[in-house]
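Below: the structure, in structure tokens.
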Amino acid sequence: MITIALSKGRIFQETVPLLQEAGIVAGEDPEKSRKLIIHTNHPDVRLLILRATDVPVYVQHGAADLGVAGRDVLIEHGGEGLYQPMDLKIARCKMMVAAHPAFDYARAVRLGQRLRVATKYPTIARDFFAERSMHIDLIKLYGSMELAPLVKLSDVIVDLVSSGSTLKANGLVSVADVMDISSHLVVNQAALKLKRQELQLVLDSFSRALAA
Ligand code: ATP
Ligand code: MG
């Protein structure tokens, strides 16, 4: 049995064509079904539908052999117990620093002001500001980050941006690029040794699909 951990939404949607290349077709649409284990046309392959941040946790502990997770999630997780063979180049977006236009970010940087940073990504945010020798107070949030600068919970947020429409809808502007994000395939290190042949077939199909 091969167990693949995925999250709903864009990661699932963009992984479907890669699975198809490997001859794997999901038996149900997780957006419609409430099932968390989805069987496939392949009796030996099943999919687990998880919260994005839980994908590396299931793979690390071997509850899933493979998973697809964003670079953001993998950095925050730390990557322990995971082998990361390929960038699938799906679910692409950017990690950015954003602020209210009334907040002069460039000036704050110039003057070395202490910044209040709200984010769901504390490791990425800490590293980014530490590399620039900027002192921050970090406020950990779990969602709706755009609200934080509007009610003065923070000076800036560190968040994912793709089209920029959520920032715009809330009157925020991006003030710095942190990194490009895409989703990566992750593999349980022990499974890779124990199920080498089975897993290699899937890994090869994924890399063929990527090359095509
Ligand atoms: P939730 O939205 O339920 O709080 P989440 O934000 O953890 O959960 P998703 O929004 O489904 O989960 O994002 C999953 C992954 O998809 C992220 O880890 C990131 O790598 C990628 N992603 C997030 N937002 C975008 C976006 N706007 N465009 C492209 N990829 C994105
Ligand atoms: Mg989200």
Side-chain angles (χ1 to χ4, degrees), residues 4-19 26 28-38 47-60 63-64 66-99 117-128 138-150 153-154 156-187 206 209-210:
I4 306 176
L6 296 172
S7 55
K8 276 203 251 189
R10 53 180 77 77
I11 290 189
F12 184 86
Q13 284 152 19
E14 297 186 33
T15 304
V16 164
L18 298 174
L19 288 172
E28 271 171 286
D29 177 355
E31 306 296 341
K32 290 181 190 134
S33 156
R34 284 166 182 271
K35 285 196 186 147
L36 301 176
I37 299 181
I38 299 208
L47 310 177
L48 304 185
I49 306 302
L50 307 176
R51 191 72 191 269
T53 43
D54 292 337
V55 166
V57 180
Y58 276 67
V59 177
Q60 171 189 2
L66 302 174
V68 177
R71 185 179 174 206
D72 50 322
V73 163
L74 292 172
I75 294 173
E76 295 299 329
H77 169 270
E80 198 192 327
L82 304 178
Y83 169 61
Q84 300 183 30
M86 63 186 105
D87 180 357
L88 299 175
K89 302 196 166 115
I90 60 170
R92 292 173 107 143
C93 51
K94 272 184 195 295
M95 189 67 74
M96 291 188 139
V97 183
V117 180
T119 189
K120 193 168 141 182
Y121 310 97
T123 302
I124 293 173
R126 275 209 185 87
D127 289 352
F128 176 81
L138 200 111
I139 301 163
K140 169 82 166 106
L141 294 178
Y142 293 88
S144 303
M145 258 93 70
E146 293 80 10
L147 184 59
L150 301 180
L153 174 67
S154 71
V156 300
I157 59 172
V158 171
D159 196 10
L160 293 174
V161 178
S162 53
S163 68
S165 54
T166 309
L167 286 185
K168 199 169 167 207
N170 291 290
L172 301 184
V173 292
S174 65
V175 293
D177 268 23
V178 178
M179 61 174 73
D180 288 334
I181 300 288
S182 58
S183 284
H184 292 239
L185 189 67
V186 294
V187 186
F206 269 61
L210 281 182

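Positions are given from 1, in the same order as the sequence printed here. One-based numbering, in listed order, for ligands and for the atoms of each.
The shortest distance between side-chain heavy atoms of Leu82 and Pro56 falls below 4.5 Å. Side-chain contact between Leu150 and Asn170 is present, with at least one heavy-atom pair separated by less than 4.5 Å. Annotation: side chain of Val97 is in contact with side chain of Val175 (closest heavy-atom distance under 4.5 Å). Within the 4.5 Å cutoff, the side chain of Leu88 has heavy atoms near those of the Leu210 side chain. Between Val186 and Leu66, the closest side-chain pair of non-hydrogen atoms is not below 4.5 Å. Taking 4.5 Å as the limit, some side-chain heavy atom of Pro85 sits within range of a side-chain heavy atom of Val187.
Between Lys120 and ligand 1, a contact under 3.5 Å exists for at least one N or O pair. Between Arg10 and ligand 1, a contact under 3.5 Å exists for at least one N or O pair. For ligand 1, none of its N or O atoms has an N or O atom of Ser183 under 3.5 Å away. In terms of polar-atom proximity, Tyr121 is not counted as a contact of ligand 1, lacking any N or O under 3.5 Å from an N or O of the ligand. Considering backbone and side-chain atoms together, Ala91 places an N or O closer than 3.5 Å to an N or O of ligand 1.
The part of Ile11 lying near ligand 1 is the side chain, judged by heavy-atom distances below 4.0 Å. Contacts between Thr53 and ligand 1 below 4.0 angstrom, taking non-hydrogen atoms only, are absent altogether.
Of all atoms in ligand 1, listed by their number and element, those nearer than 4.0 Å to a heavy atom of Ile181 are 20 (O). Proximity to Cys93 (heavy-atom distance under 4.0 Å) selects the following atoms of ligand 1: 22 (N), 25 (C), 26 (C), 28 (N), 29 (C), 30 (N), 31 (C). Distances below 4.0 Å separate heavy atoms of Ala52 from the following atoms of ligand 1: 7 (O), 12 (O), 14 (C). Interface atoms of ligand 1 facing Val73, defined by a heavy-atom separation under 4.0 Å, are 18 (O). Atoms of ligand 1 found under 4.0 Å from any heavy atom of Gly70 (numbered from 1 in listed order, with element): 20 (O). Interface atoms of ligand 1 facing Leu160, defined by a heavy-atom separation under 4.0 Å, are 17 (C), 19 (C), 22 (N), 23 (C), 24 (N).
Checking each of Val73, Leu160, Leu74 against Ile181 for a side-chain contact (heavy atoms from CB on, under 4.5 Å) leaves exactly one that passes, namely Leu160.
The closest side-chain donor-acceptor pair between Glu76 and Thr123 falls under 3.5 angstrom.
For atom 4 (O) of ligand 1, the choice among Arg71, Arg51, His184, Lys94 with the nearest heavy atom turns out to be Arg51.
Between Glu28 and Lys35, at least one side-chain N (NZ, or NE/NH1/NH2) sits under 4.0 Å from a carboxylate O, which counts as a salt bridge.
Proximity of Gly9 to ligand 1 is not established, as no heavy-atom distance is less than 4.0 Å.
Listed by chain and residue number, nothing satisfies the salt bridge (Lys or Arg N to Asp or Glu O under 4.0 Å) test with Asp87 (two or more places apart in sequence, or in another chain).
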